[in-house]
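Atoms within a ligand are numbered from 1 in the order they appear, just like the ligands themselves.
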Amino acid sequence: FRASDFQKARQKYIPALPKGLQSVNSTFAFQDLPVPEDIKEKFPLISAIKYVEFQPTDVPSTDEVSPLRIGVVLSGGQAPGGHNVIMGIYDYLKRHHPSSQVFGFLGGPRGIFTNSFREVDHDLMEAYRNQGGFDMICSGRDKIETEDQYANSLKFCTALNLNGVIVIGGDDSNTNAAMLAEYFMKNNSQIKVVGCPKTIDGDLKNEYIETSFGFDTATKTYSELIGNVCLDAASTKKYYHFVRLMGRSASHIALECELQCRANLVLIGEEVQEKNHTLSYIVNELADMVFRRGEMGKNYGVVLVPEGLIEFIPEVNVLIKELNELMVGKTGTEEELRAHVSTSLSPEALELFKFLPESISNQLLLDRDPHGNVQVAKIETERLLIMLLQNELARRNFTHPFFAQSYYFGYEGRSCLPSNFDATYCYALGYTAGSLVKYGYTGCMAVCRGLTQNPENWKSAGCPLATMMNIERRKGKPVAVIKKALVELDSDYFRAYAKMREFWKYNDSYRAPGPIQFDGVGADSFTYLLKPPTDH
Ligand code: FBP
């Protein structure tokens, strides 16, 4: 690991810990949380687990302490702060007993059922303190799915003599953690399974999870770039910049960046869905803005497009749903698959399928992740919109210049050095997860609450995974999954944008938030997702 001078400086950063985790021993406050009946049927054992909050205590324990052994896995897409979760687990375990050990499963959940791991020892941990990326043990998108994979997971974790497995992942990965916890309990294993809320998308969020880690750093990184693009637009006054932003489904990232930078327009997928805005409605909204700005002598602007938008457009959504059902278990060449869907899609869906440029319809048809999701990160929605907008402007005889530039800001935001917030939050999550294993809790997610307060006052807890689940259709079947949190149109967060959007469309109010700061001005700023704006 060849660290730059700045990486070396960050290795020395010591995140603060919530008071409830500062003492070697903990006391707890319990709470029963409701679990839907259909989830209880599927997860009878972990559904009985209570919410447990760590309370500060000075009372020393008289219990004899023996070393703990914990396996950790990074699951799904990268999110800044993953190494700090491991650092929290490591420091917690070493404080508990110096002979405790942390094992990192390599390459995601596959590492668990193939017995591929490395020990996180002192030197490895020192190198990765407060660092970006997931490269210490790497990640993967495999799920533990088959009976053999579950049996092997139990066999290898038992052989490693683990007290617990900590799954650092998003909604799908934590659903998988819940299944593993249930499986271990059903098989009378004492190995605990605890989740940690990771995803830059910000959609693993509920009453107990105030934000997923990585969102803070990723949106600050994108906002820096968008702010620069906005200033470039205002300087040369000759380009429309269309920026597609990562976020597989929810539009949290795009909305956060809009509130930070005040681009001329952001399309919010959830609004498109709720108000049933069709592709042509969206193109008309863009054309109206370009037209009016043109009349004002402004032939430039910035538009933000969430990558999940495509799935929210009603007619595209119907097409995706039909394709999902038709593609279950189907393999073949592109021609064979096209022939298959052409004879089976409804007439409306087929019309749209044929209307979309081939590169886009191919993405919908061919690229699925192991969870059955369309890989929206690869669909060039911004180019599709530019193309349709050009046609519409021509149809309206728009006489001003229209030059569009397109961008995709995605992967560059997922592995950067974690902001102070993410570094501290992740460290506390790791500590919490380690404590939950030590005190024998399973089937729960490590959470920290009160995040806009000083970290010392954050409340650390274990929240039952079963309480976060609902039934959804996946790969054509009803399955129990953790509910995704989408942008709510009646939230202060969205309203802050809705109130200003007409103004920002025509009166350039661009802001450049600048790069992430680790000291001084802005170093401890919160996302608007956590602290909705009051002064917009
Ligand atoms: P997670 O849900 O696993 O955190 O991943 C989210 C994400 O970063 C999305 O924003 C993006 O659509 C997707 O991963 C890209 O996935 P991949 O890394 O497989 O290309």
Side-chain angles (χ1 to χ4, degrees), residues 73-83 85 107-110 132-135 137-144 167-177 195-206 209 211-222 243-257 268-270 304-312 320 360 363-364 366-382 407-416 418 422 425-426 429 445 468 472 474 481-487 527 529:
V73 65
L74 293 163
S75 182
Q78 284 71 253
H83 291 136
V85 180
R110 165 170 293 275
F134 274 6
D135 49 318
I137 55 172
C138 299
S139 185
R141 286 203 181 276
D142 295 291
K143 274 209 292 188
I144 304 172
V167 177
I168 304 172
D171 50 341
D172 284 331
S173 308
N174 275 287
T175 298
N176 214 202
C196 282
K198 170 237 71 169
T199 178
I200 62 162
D201 293 3
D203 56 6
L204 181 49
K205 183 177 174 329
N206 53 42
I209 305 168
T211 188
S212 54
F213 80 77
F215 181 80
D216 185 87
T217 312
T219 53
K220 282 176 175 157
T221 304
Y222 301 141
V243 183
R244 176 165 48 108
L245 288 158
M246 209 173 230
R248 187 206 310 280
S249 186
S251 308
H252 298 293
I253 291 180
L255 179 55
E256 177 71 29
C257 293
I268 299 296
E270 291 81 343
L304 306 184
V305 182
E307 71 176 3
L309 177 77
I310 188 99
E311 275 186 289
F312 283 108
I320 289 175
I360 302 222
Q363 287 294 327
L364 296 177
L366 304 172
D367 281 332
R368 301 297 165 105
D369 73 7
H371 300 282
N373 301 314
V374 169
Q375 304 219 45
V376 287
K378 308 215 169 57
I379 300 177
E380 297 181 325
T381 322
E382 73 289 11
Y407 308 78
Y408 173 48
F409 296 156
Y411 296 97
E412 56 273 70
R414 299 200 310 184
S415 286
C416 25
D422 275 327
Y425 181 37
C426 290
L429 287 173
M445 168 111 61
M468 303 178 191
E472 287 175 19
R474 294 281 176 93
V481 290
I482 292 181
K483 204 168 174 224
K484 258 191 205 310
L486 302 179
V487 170
T527 59
L529 180 78

Can a non-hydrogen atom of [X] be found less than 4.0 Å from any atom of ligand 1?
X: Gly77; answer: yes
X: Gln78; answer: no
X: Gly247; answer: yes

Item to check | Closest candidate by heavy atom, reference atom 6 (C) of ligand 1, pool Asp201, Leu245, Ile253 | outcome: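 Ranked by closest heavy atom to atom 6 (C) of ligand 1, first place is Asp201.
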
Would you say [X]'s side chain and [Y]'s backbone share a donor-acceptor pair under 3.5 angstrom?
X: Ser139; Y: Gly76; answer: yes
X: Glu256; Y: Thr527; answer: no
X: Asn174; Y: Gly169; answer: yes
X: His252; Y: Leu529; answer: no

Next on the checklist: Going by the rule salt bridge (Lys or Arg N to Asp or Glu O under 4.0 Å), which residues pair with Arg414 if we only count those two or more places apart in sequence or in a different chain?
Outcome noted: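 Salt bridge (Lys or Arg N to Asp or Glu O under 4.0 Å) list for Arg414, sorted by chain: empty.
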
Next on the checklist: Looking only at the side chains, is there a donor atom on one of Glu307 and Tyr408 sitting less than 3.5 Å from an acceptor on the other?
Outcome noted: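 A donor-acceptor contact under 3.5 Å links the two side chains.
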
Numbered atoms of ligand 1 (with element) below 4.0 Å of [X], judged on heavy atoms:
X: Lys198; result: 1 (P), 3 (O), 4 (O)
X: Gly76; result: 3 (O)
X: Thr199; result: 1 (P), 2 (O), 4 (O)
X: Glu307; result: 9 (C), 10 (O), 11 (C), 12 (O)

Checklist entry - What heavy-atom pair brings Gly132 and Pro418 nearest, and what distance separates the two atoms? => result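 Looking at all heavy atoms of both residues, the closest pair is N-CD, 3.7 Å.
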
Does an N or O anywhere in [X] fall below 3.5 Å from an N or O of ligand 1?
X: Ile200; result: no
X: Arg141; result: yes
X: Tyr411; result: yes

Next on the checklist: Restricting to side-chain contact (heavy atoms from CB on, under 4.5 Å), what partner residues turn up for Thr221, sequence neighbours left out?
Outcome noted: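 With sequence neighbours excluded, Thr221 shows a side-chain contact (heavy atoms from CB on, under 4.5 Å) to Thr217, Cys416, Ile516, given in chain and number order.
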
